[in-house]
Each structure stands twice: as C-alpha cells, then as structure tokens.
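A quick write-up on the structure given underneath.
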Amino acid sequence: GSVWSAERKVFMSEEIMQVASRIKELREISGYSRHAVAKLVGVEYDTYKDYEESGADIPISVLYKLANEFGVDFTEILTGKSPKLCRQEG
C-alpha cells in the first residue's frame, strides 16, 4: 500500500468513470435505450446499467461492439479523443 498505488487507483477509477460516462453519452446521442444496447452487446440489462453507472469491469469485446454500434473508433471510447484528430494535431 504505497501512496503511489493509492494515487494510481484513484486515477484509474476516474478514467473508468470517464469511459462509463462516454458510453452513456454515446448511447443517448444515438437514441438507444439501455435495454436496447444491453441486447445489442449481449449482456443483461443490470450488467449494462452497471457499465454506465460505475464502469464496472467492461469487457473489451463489449467496448468494441459499442464503438461499432455508435460509429466511433474504439480508442475514442477509452480516451475521449478521435485518433484521426490526434494524428492531424501531431
């Protein structure tokens, strides 16, 4: 339990919450209900609800399905940045 690991956990949980927030925002922009998206990615409604509310252990396979369904790049869900825009800026 070093201070570094405690800070790292806080940082990771903030990043995970940002991912949860992004998938919720993308779902709302796309006009889907939570029930519809849960069905699309093949999980129970309560499981999907946990993804959006807490970022609870979202499998990479689910993130890829969400990215495809919402028409965004996988990395956009993780980082909030478009990879195309990042390349142009650099």
Under the side chain to side chain contact (heavy atoms under 4.5 Å, CB included) test, which residues partner [X], sequence neighbours left out?
X: Lys39; answer: none
X: Ser33; answer: His35, Ala36
X: Leu26; answer: Phe70, Val72, Ile77
X: Ser21; answer: none

Practice item. Would you give the length of the straight line joining atom CG of Leu40 to atom CG of Leu66, rounded to the nearest 0.5 angstrom? Key: 8.5 Å
Practice item. Could you grab the distance from atom CZ of Arg22 to atom CD of Glu25, nearest 0.5 Å is fine? Key: 9.0 Å
Practice item. Spell out, yes or no, whether Ile16 and Ile58 are grouped together once hydrophobic residues are joined by side-chain heavy atoms under 4.5 Å, including indirect joins. Key: no
Exercise for review: Examine Val37 and Leu78 and state if one hydrophobic cluster contains both, with Ile, Leu, Val, Met, Phe, Trp and Tyr joined whenever side-chain heavy atoms are less than 4.5 Å apart.
Suggested key: yes
Practice item. Taking all heavy atoms of Ala20 and all of Ser54, pick out the closest pair and write down the distance. Key: CB-C, 4.4 Å
Review point. Which atom pair, heavy atoms only, marks the closest approach of Pro59 to Tyr51?
Key: CD-OH, 3.3 Å
**Study point:** Listed partners of Glu53 passing salt bridge (charged side-chain N to carboxylate O under 4.0 Å, His left out), at least two apart
**Key:** Arg34
Review point. Among all residues two or more places apart in sequence or in another chain, which pass the side chain to side chain donor-acceptor pair (under 3.5 Å) test with Tyr48?
Key: Glu52
Practice item. Name all pairs fulfilling the side chain to side chain donor-acceptor pair (under 3.5 Å) condition that reach into residues 60-69, sequence neighbours left out, sorted by first residue then second. Key: Tyr32-Glu69
Check your understanding: Around Ile29, counting heavy atoms of other residues, nucleotides and ligands shown, do more than 12 lie under 6.0 Å from its CD1?
Key -> yes
